[in-house]
*Asks:* 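Can you read through this structure? Questions will come right after.
The analysis underlying the following values was restricted to heavy atoms, covering all of them including side chains, and did not include hydrogens, waters or symmetry mates. Order of the sequence lines fixes the chain letters, A, B, ..., with proteins taken first and strands second; residue numbering starts at 1 for each chain.
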Amino acid sequence: DDSDTGGTAAGKPFVAEREAGIKGDLPPEARRLWRYDTATGRYATVAGDAADFRADLSRPARSFTLAYMDPWASSPFAIPIREGVEREAERLGLRLIYCDAAFKADKAVECAELLARQRPAFAVAGNWQAGAADALMRVFDEARVPTASIDVWQPNSIFYGADNYTSGEIAGRAAGAYARREWNCEDVWLFMGENKEEGKAADQRLVGFADGVQSVCGTIDDDRIHRQRMAAATGDQALTVTTDWLTAHPQAEHLLAVTIDDPRAAGIAKAIGQSGRDGQVAGMTCDDVGVELTKQGPASETNYLGCVAFFPERAAEYLVGIALDVVGGRAVPEEVHLQHEFLTHENIGETYP
Amino acid sequence: MSDALLRLDAVTKRFGESHVLRGVDLRIAPREAVGLIGDNGAGKSTLVKILSGVHAPTSGTIEFGGRPVRFGTPLEARSAGIEMIFQDLALCDDLDAAANVFLGREPRRRGVAGVGRWLDRRAMRAQAAAVFEQLGAAIPVDQQVGEMSGGQRQLVAVARALEFEPRLLLMDEPTAALSNAKIHMLLEMVRRLKDRDVAVLLISHRFTDLIEVCDRIVALRDGRIAAEIAPRGRDVAELMAEMQEALTGETLRAVA
Amino acid sequence: MSDALLRLDAVTKRFGESHVLRGVDLRIAPREAVGLIGDNGAGKSTLVKILSGVHAPTSGTIEFGGRPVRFGTPLEARSAGIEMIFQDLALCDDLDAAANVFLGREPRRRGVAGVGRWLDRRAMRAQAAAVFEQLGAAIPVDQQVGEMSGGQRQLVAVARALEFEPRLLLMDEPTAALSNAKIHMLLEMVRRLKDRDVAVLLISHRFTDLIEVCDRIVALRDGRIAAEIAPRGRDVAELMAEMQEALTGETLRAVA
Amino acid sequence: MSAVKPTLAGGPDTAGPVTRRALRTAGARLDVVSLALIAVLAIEIVAFSIASPYFLDADNFSNIGRAMTIVGIAAIGQTIVIIAGGFDLSVGSVMAAAGMLAAWLVNEGLTLPLALLAAVVLGVGVGLLNGAVAGYLRINPLITTLATLAIVRGLAFVISGGEAEVVADAGFLAIGTDSVAGIPVVVVILVVLFLAVGCLMPRTRFGRYTYAVGSNARAARLAGVAVNRWRLVFYGLSGSLAAIAGCVTVARTGQAEPAANMGAELDVITAVILGGTSLNGGRGRLFGTFLGLAVLAVLNNGLILVGVESYWQQVVKGVVLLLAVAWAELRRGSKDEV
Amino acid sequence: MSAVKPTLAGGPDTAGPVTRRALRTAGARLDVVSLALIAVLAIEIVAFSIASPYFLDADNFSNIGRAMTIVGIAAIGQTIVIIAGGFDLSVGSVMAAAGMLAAWLVNEGLTLPLALLAAVVLGVGVGLLNGAVAGYLRINPLITTLATLAIVRGLAFVISGGEAEVVADAGFLAIGTDSVAGIPVVVVILVVLFLAVGCLMPRTRFGRYTYAVGSNARAARLAGVAVNRWRLVFYGLSGSLAAIAGCVTVARTGQAEPAANMGAELDVITAVILGGTSLNGGRGRLFGTFLGLAVLAVLNNGLILVGVESYWQQVVKGVVLLLAVAWAELRRGSKDEV
Ligand SMILES: Nc1ncnc2c1ncn2[C@@H]1O[C@H](COP(=O)(O)OP(=O)(O)OP(=O)(O)O)[C@@H](O)[C@H]1O
Ligand SMILES: Nc1ncnc2c1ncn2[C@@H]1O[C@H](COP(=O)(O)OP(=O)(O)OP(=O)(O)O)[C@@H](O)[C@H]1O
Ligand SMILES: [Mg+2]
Ligand SMILES: [Mg+2]
């Protein structure tokens with residue numbers, strides 16, 4: 001294992017290109033339209049253009065039960081999704097049932113069993129443990145409950161969510177632009193806070209980031225790319241371990257950093273600032289910490305370049321929209337991706353006033 | 001006896017369904033030393049534990065110093081002037097001898113610059129050493145009690161009760177682990193306490209100890225006070241036989 | 001005495017810098033009952049704990065049954081045939097009396113369908129009840145030891161040692177918490193054990209107990225065996241004075 | 001000197017009838033905790049039946065049973081270890097490591113029974129290590145198992161490279177999904193294990209020494225019990241059961257990941273302590289643990305069915321935990337003073 | 001009957017000189033743990049100095065100090081609680097809740113001292129609740145604080161709606177970033193708190209009763225110590241120190257989140273036990289805790305500086321933890337038999 005160097009052998013340039021045909025990461029033209037067949041309990045491909053899909057959020061003729069399986073209630077990113085689903089369900093007069101998978105595989109299966117038992121017309125099967133996908137989808141399939149998934153591809157389930165690689169790449173490009181502007185792309189080091197426990201999808205954000213930076217600044221030597229484990233999804237540990245790493249790498253003059261979410265990014269930014277080093281961190285998801293820090297700006301003071309917006313607060317419009325369509329017997333695309341955008345101190349006010 | 005220091009009327013105690021005390025009546029006058037005998041498991045310890053606030057009686061009344069009392073905690077009994085030496089000693093093994101002697105009643109002095117109240121460790125050590133000397137035992141006051149011999153531990157428990165002059169001293173087999181020399185010193189101290197107006201209730205299986213210091217000896221049997229003996233000026237062998245009889249309810253032959 | 005069952009030569013024991021035993025020489029013959037006296041803290045318990053494999057001696061040699069031994073654990077001493085009643089009893093409070101008596105040596109029988117070996121609980125209860133009866137104590141064999149009175153606990157510890165006939169029985173103040181009746185029964189049992197070839201080392205502060213059963217009484221002072229007394233056929237009062245002297249090294253006046 | 005000798009041979013003393021009855025109280029005392037838990041369980045069931053139409057459903061009871069299994073299997077071993085005065089924090093890590101080993105071996109083509117056996121051997125190994133360190137080296141079991149928790153989890157990550165192992169073996173998955181006579185296989189496994197160990201406890205030296213070592217390890221050693229060797233047995237058992245729990249996790253979720261079952265040790269210990277086992281050792285019963293598990297599982301299930309918000313669920317669980325234990329304790333206290 | 005009476009008034013017995021020396025050993029015995037930890041610390045420092053040119057740097061020692069503060073402040077209170085025979089698992093939750101409260105109040109415009117005071121009051125409140133439940137209701141402290149852990153964390157989520165609070169108040173942030181004479185303010189806070197409580201321990205009833213209650217709560221109660229009232233003090237102190245640690249977290253990271261400091265209780269307890277405090281109560285020292293903290297912090301720091309792969313770090317930490325404790329225990333054991 002060589003996770004220190006992000007999957008390449010020592011000495012070689014960092015190459016981590018997006019793979020083609022990855023489920024949950026299909027390009028728009030490869031996405032097909034699906035319709036749920038209640039008799040078989042499976043989605044079947046139908047003719048039509050997936051690109052035309054628009055969620056229809058009008059009140060359904062008959063109310064139904066919507067199950068929402070929360071991938072991780074404590075995650076700052078999942079909170080606005082849940083709140084949005086609750087809001088939409090209430091507005092549309094749907095009966096909402098809920099279960100928190102707590103980012104645990106066994107809990108996810110348990111939730112699937114509990115929710116399926118209550119015979120919902122549709123389930124948002126939010127689960128970030130990719131390996132548990134088969135087990136929990138079997139439960140929903142047996143109960144003939146159509147589902148959509150959040151951020152992790154699951155079999156016989158509509159994928160909705162982030163474009164993880166792309167989001168990383170967007171951040172990487174923004175960071176690369178900063179590097180070209182401020183440092184002429186000289187002596188650039190990449191520092192990435194990772195946590196394998198959070199799965200491959202999250203990992204794609206880091207791969208995308210490295211590719212994004214290199215697309216602007218050219219190849220960065222492998223020994224200048226460091227992956228640092230940050231297990232706890234909080235700022236405190238990120239601050240300490242980043243400080244220690246910086247101490248051990250005084251030669252890392254220009255630092256571009258990224259990690260999986262905003263709280264950890266905030267910790268990295270603090271560490272860069274406190275150590276008096278020259279560097280920027282790009283946040284991911286733009287949760288309340290990310291938005292707040294980006295607003296605080298400017299980046300030259302906070303070392304917080306900005307964040308890639310995942311718009312979790314809008315997720316419900318899509319998810320509930322998909323539910324309405326599927327329950328209404330309409331066809332929907334097998335993958336629905338949201339549009340990412342890099343928000344900076346200068347432009348964040350337009351999105352999050 | 002309306003001027004009794006302690007007065008128990010029909011005190012009973014049950015543990016679950018087991019009736020340990022079935023109606024104990026007992027009076028102790030000020031300055032009086034009363035011996036309490038009884039077979040193993042007769043309920044002697046249970047009785048004194050009620051008096052020291054460890055157990056609540058199931059029924060019955062207790063008067064102390066002329067007024068009815070019902071001690072909820074050992075602290076209440078202690079504040080009322082009842083000191084107790086427990087059969088299992090009840091020591092903190094990790095503390096040293098001096099700390100155990102003064103536990104719960106540490107002398108204190110003003111702290112640095114008159115702020116706060118700090119433990120007067122020197123006073124505790126000196127006073128504890130003095131009590132041990134009176135008992136004829138050279139116990140190092142700063143040795144941890146957990147490392148001491150059985151007899152040394154008992155002496156620490158005894159010293160704790162003697163250090164503070166109570167109105168009533170309850171002693172539950174205080175001499176069990178002591179050598180003769182120490183027992184002698186201890187009984188000597190009990191006698192001196194009596195002279196200073198302390199009443200004593202002494203539990204022991206050693207009849208000679210009781211005969212030596214007690215004004216009166218009572219026997220607990222079948223959960224009641226079954227007999228009372230006044231030892232003053234009587235023949236020891238005869239007394240011993242009488243006590244043994246009181247204890248078992250059977251007449252005994254003295255053995256060669 | 002080359003045919004001694006137990007033979008100690010120059011056994012010493014230090015705890016850190018404290019020299020508790022400074023060179024103990026002792027022999028015990030088969031069938032012999034030896035009494036061990038000494039002031040509180042003299043090192044009696046330390047000595048028998050060395051013999052039962054609890055402590056390792058700092059130096060010196062121990063022979064048992066004619067060959068040199070060095071017990072690393074209580075189990076080794078027990079297997080060699082040495083049984084011990086500890087001064088602090090060493091009982092498991094959460095187990096009942098029968099379980100404590102047989103702890104470490106539970107009788108077992110074939111399990112269901114002859115598979116495995118299951119505890120023979122009925123046998124344990126019956127045998128434990130029999131020993132208690134021999135001691136004159138009606139202790140319920142299935143009461144938790146933690147709820148028992150001080151004397152009842154001591155009887156359980158005694159019963160444990162008596163249930164298995166060892167070659168050498170070490171008794172560390174086994175009568176301290178017992179009533180006279182129980183003490184009498186206990187000493188009676190010791191005498192019977194002797195008749196069945198068990199050697200006994202009995203520690204006690206109660207001189208009368210020792211005089212009653214011991215062939216020889218030794219006194220531990222200043223970490224050495226300081227005196228030896230043969231009580232057989234001698235006047236009790238005189239013996240008591242002699243023992244007290246052996247204990248303290250001072251000549252004593254007998255008191256009225 | 002004149003000594004006095006009574007003629008009491010074999011005569012009963014005053015304590016006889018008294019203590020015989022005290023015993024029954026002692027027996028009843030343990031039951032007080034169980035009774036309180038049964039009452040809490042009854043209250044939960046009634047309340048949730050009223051609040052949710054889906055609760056009183058045979059299928060839902062299967063759900064509850066399935067949800068109990070992983071924590072439950074590990075709780076059997078933990079109960080033993082805690083009664084014996086120990087502590088095993090490493091169970092969560094052992095679950096993950098053993099699950100990964102079994103999954104990997106099955107994926108490599110080994111037969112399922114051998115793969116499961118290997119996982120159990122791994123669990124026993126970690127358990128023996130725990131027992132040896134806590135016993136022979138006299139190291140606090142909390143520290144010991146905290147260290148093996150970190151070591152085992154770390155190695156699971158190192159060896160797997162942090163990657164999950166997805167299991168496709170039908171037999172393995174069937175363990176997690178199949179039912180026998182309507183009862184999920186995993187529930188059968190749980191109940192069988194509970195009954196087996198529960199049956200050994202009062203009837204074997206193993207069971208007796210569990211209580212003896214926990215009650216007073218020094219006294220047990222002085223009585224000739226090979227305390228440290230028995231500790232190997234206790235921790236080894238806990239490790240092997242944790243390994244089984246880990247395999248059940250894999251069977252249920254279809255994946256083995258190094259991060260699985262993180263923090264499971266707390267759930268396990270909660271159930272054990274709620275069941276009335278004393279952390280001071282020497283006291284406790286497997287039946288209590290089973291009730292503790294059931295109380296927690298029904299609560300989890302019911303709160304979800306009723307739709308209590310997930311943050312509130314934590315709060316409610318904490319409060320119920322406190323109330324249940326407080327109630328048992330108060331009832332026990334009042335019994336003491338009857 | 002003829003009794004025998006000696007003429008020994010006040011005469012010394014044989015035990016005198018013997019036990020006086022035994023005492024010195026007893027004193028030395030505690031130090032054995034500290035000495036072992038100091039040796040481990042020295043080994044770590046030498047090894048990391050050789051392995052990394054950046055280790056022996058004044059700034060790096062500031063880093064290490066800063067990294068110690070959060071766990072360290074909470075560890076002071078935890079040491080007290082554990083010596084007193086208790087356990088406080090709620091510290092991580094209290095840190096998060098108190099930090100959020102302070103951050104929210106400051107953002108609402110309250111002055112910094114008042115906001116911090118409110119946070120400490122919250123911590124004391126939870127501590128008093130823990131102490132009351134564990135003491136008066138006689139509920140196992142592990143269960144008690146496991147319940148409050150869940151309740152407090154749950155409420156932090158409920159009240160905040162899961163949202164983080166970013167702090168902009170310069171004074172608040174300065175606590176986390178400023179230095180006095182080259183020493184970080186947070187390190188000064190840590191050291192002052194250690195010295196203050198450490199100074200009280202041997203000199204006050206508070207300190208003495210900490211040991212007495214932990215050594216034998218029953219004996220202490222029988223001696224007239226108001227054990228349950230003192231438990232309020234112990235747990236209240238632990239709560240207040242956890243609250244301070246929570247505020248330090250906010251000052252250092254500039255954000256208060258309901259998920260902060262999750263699992264911190266394990267780090268805290270690890271440091272305390274590593275420092276030689278006995279989980280059975282009655283034994284332990286603050287100085288040992290400080291050394292335990294230092295050993296862990298230097299290890300964390302050094303492993304990163306040396307570039308040990310992150311998964312291996314866990315393994316190495318577990319092994320070092322075991323070795324350190326085993327060494328201390330072996331040295332103590334050999335002392336016993338000199
Ligand atoms: N907490 C308790 N629960 C149940 N039974 C108890 C409890 N405490 C004491 N007993 C029982 O009450 C009876 C009396 O016990 P107690 O300790 O008062 O006897 P004692 O007269 O002091 O005996 P000894 O001379 O052996 O010390 C005993 O049979 C004992 O088993
Ligand atoms: N583990 C230990 N550590 C240090 N000192 C000890 C230890 N055990 C015993 N001692 C000391 O050794 C001396 C002898 O103790 P021991 O228990 O052998 O005395 P003893 O003769 O049995 O006294 P007693 O008649 O009071 O039971 C005492 O001074 C005691 O304090
Ligand atoms: Mg008694
Ligand atoms: Mg002794």
*Asks:* Indicate yes or no for a side-chain donor-acceptor contact from E/Q313 to the backbone of E/V308 under 3.5 Å, with no hydrogens or angles considered.
*Replies:*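 Between the backbone of E/V308 and the side chain of E/Q313 there is a qualifying donor-acceptor contact (under 3.5 Å).
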*Asks:* I need the residue from D/L274, D/L89, D/L137 with the largest number of non-hydrogen atom pairs under 4.5 Å to chain E.
*Replies:*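 Looking at each of D/L274, D/L89, D/L137 in turn, D/L137 comes out on top.
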*Asks:* Are the side chain of E/R285 and the backbone of E/T277 linked by a donor-acceptor contact shorter than 3.5 Å?
*Replies:*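 Flag not set: sc E/R285 to bb E/T277 has no pair under 3.5 Å.
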*Asks:* Which atoms of D/V319 are under 4.5 Å from chain E, going by heavy atoms: the side chain, the backbone, both sets, or neither?
*Replies:*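 Its backbone and side chain both get close to chain E.
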*Asks:* Do the side chain of D/S90 and the main chain of D/L149 share a donor and acceptor less than 3.5 angstrom apart?
*Replies:*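 No; judged by distance alone, with no hydrogens or angles, the pair does not exist.
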*Asks:* Identify which of D/I273, D/V133, D/T148 forms the greatest number of heavy-atom pairs closer than 4.5 Å to chain E.
*Replies:*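 So the answer, after comparing D/I273, D/V133, D/T148, is D/I273.
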*Asks:* Between E/Y211 (side chain only) and E/G284 (backbone N and O only), is there a donor and an acceptor less than 3.5 Å apart?
*Replies:*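 Yes, E/Y211 side chain to E/G284 backbone: donor-acceptor pair under 3.5 Å.
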*Asks:* Just verifying a value: how many Å separate D/I83 CD1 and D/L279 CG, rounded to the nearest 0.5 Å?
*Replies:*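 Answer for the CD1-CG pair, D/I83 versus D/L279, is 11.5 Å.
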*Asks:* Would you tell me whether E/D88 and E/T145 have side-chain atoms, one donor and one acceptor, within less than 3.5 Å of each other?
*Replies:*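 No, because no side-chain N or O of E/D88 sits under 3.5 Å from a partner of the opposite role on E/T145.
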*Asks:* State whether the side chain of D/S238 and the backbone N or O of D/F234 hold a donor-acceptor pair below 3.5 Å, judged by distance alone.
*Replies:*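 Answer holds: no.
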*Asks:* With rounding to the nearest 0.5 angstrom, report the CG to CH2 distance, D/L303 to D/W312.
*Replies:*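 Reported value, rounded in 0.5 Å steps: 12.5 Å.
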*Asks:* Which residue out of D/L155, D/T144, D/V315, D/L322 racks up the most heavy-atom pairs below 4.5 Å with chain E?
*Replies:*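 Most heavy-atom pairs under 4.5 Å with chain E: D/V315.
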*Asks:* Could you check whether any side-chain N or O of E/S215 sits under 3.5 Å from a backbone N or O of E/A212, counting only pairs where one atom can act as donor and the other as acceptor?
*Replies:*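 Answer holds: no.
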*Asks:* For chain E, find its close neighbours in residues 261-272 of chain D: heavy-atom separation under 4.5 Å, sorted by number, or none.
*Replies:*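 Hits under 4.5 Å: D/L266, D/I269, D/T270.
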*Asks:* Between E/V320, E/L321, E/N280, which has the largest tally of heavy atom pairs under 4.5 Å with chain D?
*Replies:*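 If we count pairs closer than 4.5 Å to chain D, E/L321 comes out on top.
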*Asks:* With respect to chain D, which residue among E/I139, E/V158, E/I143, E/V316 yields the maximal number of heavy-atom pairs within a distance under 4.5 Å?
*Replies:*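 Ranked by contacts with chain D, first place is E/V158.
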